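Since the structure is predicted, the reported quantities are computational estimates derived from the model, not experimental observations. In what follows, every chain begins at residue 1, and chains take the letters A, B, ... in the order their sequences are listed.
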Number of protein chains: 2
Amino acid sequence: MKASEQRRTTIKDVAEAAEVGVATVSRVLSGTGSASPATRERVLAAAARLDYRPSALGRNLRRRSTGGIGLLIPDITDTFYSRLADGVLACTQAAGEPVMVGATGDDPEREAELIGSLIEQSVERVIAVPSGDGEMWAPAFRAGLGVVFAERRVRGREDVPSVVTDDRSGVRTAVEYLIGLGHRRIAFLGRHGQAQRARAFREALTSLGMTVDEELVVRAHATRDSAYAAASGLFQHRPDLTAVLAGGNMLGEVALLAARELDLRVPRDVSLIMFDDVPWAELCSPPLTVISQPAHDMGYRAAELVLREGRRSRTVTLPTELIVRASCGPRR
Amino acid sequence: MKASEQRRTTIKDVAEAAEVGVATVSRVLSGTGSASPATRERVLAAAARLDYRPSALGRNLRRRSTGGIGLLIPDITDTFYSRLADGVLACTQAAGEPVMVGATGDDPEREAELIGSLIEQSVERVIAVPSGDGEMWAPAFRAGLGVVFAERRVRGREDVPSVVTDDRSGVRTAVEYLIGLGHRRIAFLGRHGQAQRARAFREALTSLGMTVDEELVVRAHATRDSAYAAASGLFQHRPDLTAVLAGGNMLGEVALLAARELDLRVPRDVSLIMFDDVPWAELCSPPLTVISQPAHDMGYRAAELVLREGRRSRTVTLPTELIVRASCGPRR
DNA sequence: AACCATGATGGAATCGTTTCCATGAAGGCG
DNA sequence: CGCCTTCATGGAAACGATTCCATCATGGTT
């Protein structure tokens, strides 16, 4: 069977078959304008008979925009982001909008490239977990993109609608819980791009009357290796710490791994709280105490926001929840 | 700042600025055809000065195809598929091709819709983990799409290039391992769409001289709830089974959960092997023995295949590996 | 000197749709 | 009966690129 170059059936074919003009076909099919019931009938029949599907290409060119939505996330492999993406897809699929996904790896440069590529595609709406600063996003705004940020915001772009979790209260709840258990030397293990959480961590500590030990606030890069190195380094440099707050599920995972590797018992030797609940958290040994985040909702809400961009919508803050399992104990 | 409707700079603007014709600009910028060094210089300078980016819209219409690639997976939330997607992105991003992702939920109907939407977008290449049968895919082939299947194949479409794991040998290795430990009543917990693995399971059993107990071969739907129900039902109906082979990481997860819920100890009361290695498998209690699959590679290879579709490429089979941890023990 | 091959160049057609505008028919109303 | 409004309709002009084709200049060969 040869891949024959059969011409796609166009609106012209339908027009001929229905014995009307192309304009009429377009009006009937898109529901705009008026048409007599009789011709409407004929057009619909012809379209069905020829199995006609309007080409998005022509339409997009005329409309000067792709209907599609761009989605930029740091790492699709991270369950938090994949749940977020799932939420986005759930909403956009209902709206029939295609979604172009790009993985930034939390690298501003790659992000800039991806933004450029989206502009080139004439995508007009973007949902992004931003890694770059305001600078990177300038071209996007210049091109008139409708942008919604998720999970994080961008300094200097506070006017961009965004959907975030209530980091401050989440972190504070976790810190209070740990302090309540008697812990005093608590570490925060975060990733680049989680400056917000690190800040919230410091705030919570000071507002609870403790001093911030900057050595206990460490940041890793987006890769698993970097995270493991950071966690392991933390435990080795500061054997005196008694609790760790991990800023994401990958961080929590490697923290647990590193602790185990160094023969530290959780929670006897060190307590662990992880941001973001995941299905396997209760399968772990010990089951992990977590601060759950509504990742799916977050994506869904972001998609809603970007789809009806008419309303000047402010940022949405989603609540977190402390789920106590077994990875935290009293200070040893 | 008002979102002014500033016109996008087009090839015409560049042509004017460089004092040449649009054809020349196109030739210079796309590298095709010839142009004198002097004009080339002028065009390039003008393009740079105006910050010109050719619109993919115009190009695509003329070329009658979107450069993009469609990616259809059952569930982006499943780490196996998200790793696969990551592999695809890694390859396509290097090639500068945008990727449109759709989640089928293993539902043939939704899959058909998504295929339709891709055709409408004039996407010309698709990578899919197919859930429907040959029927669903007919429109795609009729439209001349370049299709590559991943993880699974479609009955009656054996000629479509695909990238799969060596299910047969993976299953067989697992079964041999369990039988070697003395197990005789082994269950297979699979999902719809994993018929291949179920078949391999039966084959392995019979070829090792055992009879197949059909009650021990169960299939769940793509949702977590359905999977949990299946696992739980299995344990309750057949308390005599001593080992379970789970066909995917979500299945393994719920199997472990269900076992724990029913006070079955792993591996003392029941042994568990899971298809697909995941980072948390060794964090579990007990650490899970798995058959690892190169999900990332799979996506990458599939993307390679679909990108250079020129070569009539046959299907690629990737190896699996048994990773022994602690979830299997001798028959109780 | 006549001729031809080659290379540079721009005009115009093309892709498939939407939408503006003009035309004609029909119907309501004074 | 004539006029005005409304509706249905089709032709044609966008949209922004690529690419065919014709034109013209140049330089080398006989």
I need a per-nucleotide contact map over nucleotides 22-28 of chain C, read 5' to 3'. Cutoff is protein heavy atoms under 4.0 Å; write B for the base, S for backbone only, - otherwise. -------

Determine, for nucleotides 5-14 of chain D in 5'-to-3' order, which nucleotides have protein heavy atoms under 4.0 Å from the base (write B), from only the sugar-phosphate (write S), or from neither (write -). ---SBBB-BB

Whole-Å gap separating [atom2] ([N]) and [atom1] ([X]):
X	N	atom1	atom2	value
A/R64	D/dC15	CZ	P	6 Å
A/I11	C/dT19	CD1	C1'	11 Å
B/L29	D/dT19	CG	C1'	15 Å
B/E120	C/dG16	CD	P	15 Å
B/I119	C/dG16	CD1	P	16 Å
A/D13	C/dG16	CG	P	9 Å

Enumerate the side-chain hydrogen bond (donor to acceptor under 3.5 Å, both in side chains) contacts for [range], please, sequence neighbours excluded, ordered by first and then second residue.
range	answer
residues 42-57 of chain A	A/R53-B/E120
residues 58-77 of chain B	B/S65-B/E124
residues 97-114 of chain A	A/E97-A/R125, A/D106-A/R152, A/R110-B/Q93, A/E111-A/S131, A/E111-A/W137

Counterpart residues, side-chain hydrogen bond (donor to acceptor under 3.5 Å, both in side chains), relative to B/T315 (two or more places apart): none

Please name all residues satisfying side-chain contact (heavy atoms from CB on, under 4.5 Å) with B/F80, sequence neighbours left out, ordered by chain then number.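 Per chain and number, B/F80 pairs via side-chain contact (heavy atoms from CB on, under 4.5 Å) with B/D78, B/R83, B/L84, B/E151, B/N249, B/D276, B/Q293, B/A295, B/M298.
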
Quick one: list whatever passes side-chain contact (heavy atoms from CB on, under 4.5 Å) with B/S34, sequence neighbours left out.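 By the side-chain contact (heavy atoms from CB on, under 4.5 Å) rule, B/S34 matches no residue at all.
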
Residues forming a salt bridge (Lys or Arg N to Asp or Glu O under 4.0 Å) with B/D13, sequence neighbours excluded: B/R7

How close do A/V43 and A/L29 get, heavy atom to heavy atom, and via which atoms?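 Minimum heavy-atom separation between A/V43 and A/L29: CG1-CD1, 4.0 Å.
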
Taking all atoms of both residues into account, what is the closest heavy-atom pair of B/S82 and B/I76, and its distance? CB-O, 3.4 Å

Can you tell me how far SG of B/C91 sits from CG of B/D86, rounded to the nearest 0.5 angstrom? 12.0 Å

Return no unless some side-chain N or O of B/R63 is found under 4.0 Å from OP1 or OP2 of C/dC15.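 For C/dC15, OP1/OP2 do not have a side-chain N/O of B/R63 under 4.0 Å.
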
Suppose we screen for ring pair (Phe, Tyr, Trp, His ring centres under 6.0 Å). Which residues come up paired with B/Y81, at least two apart in sequence or across chains? none

Of all of residues 51-59 of chain A, which get a heavy atom below 4.0 angstrom from DNA chain D, listed by number?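 Heavy-atom cutoff 4.0 Å gives no residues at all.
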
Taking the side chain as C-beta and beyond, is there a heavy-atom pair between B/V163 and B/L318 under 4.5 Å?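 Yes - at least one pair of side-chain heavy atoms lies under 4.5 Å apart.
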
Which of parallel (below 30°), tilted (30 to 60°) and perpendicular (above 60°) describes B/F149 and B/F141?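 Rings of B/F149 and B/F141: perpendicular, over 60°.
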
Determine to 10° how strongly the helix from C/dA1-D/dT30 to C/dG30-D/dC1 is bent, judged from the axes of its five-pair ends.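 Answer rounded to 10°: the end axes differ by 60°.
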
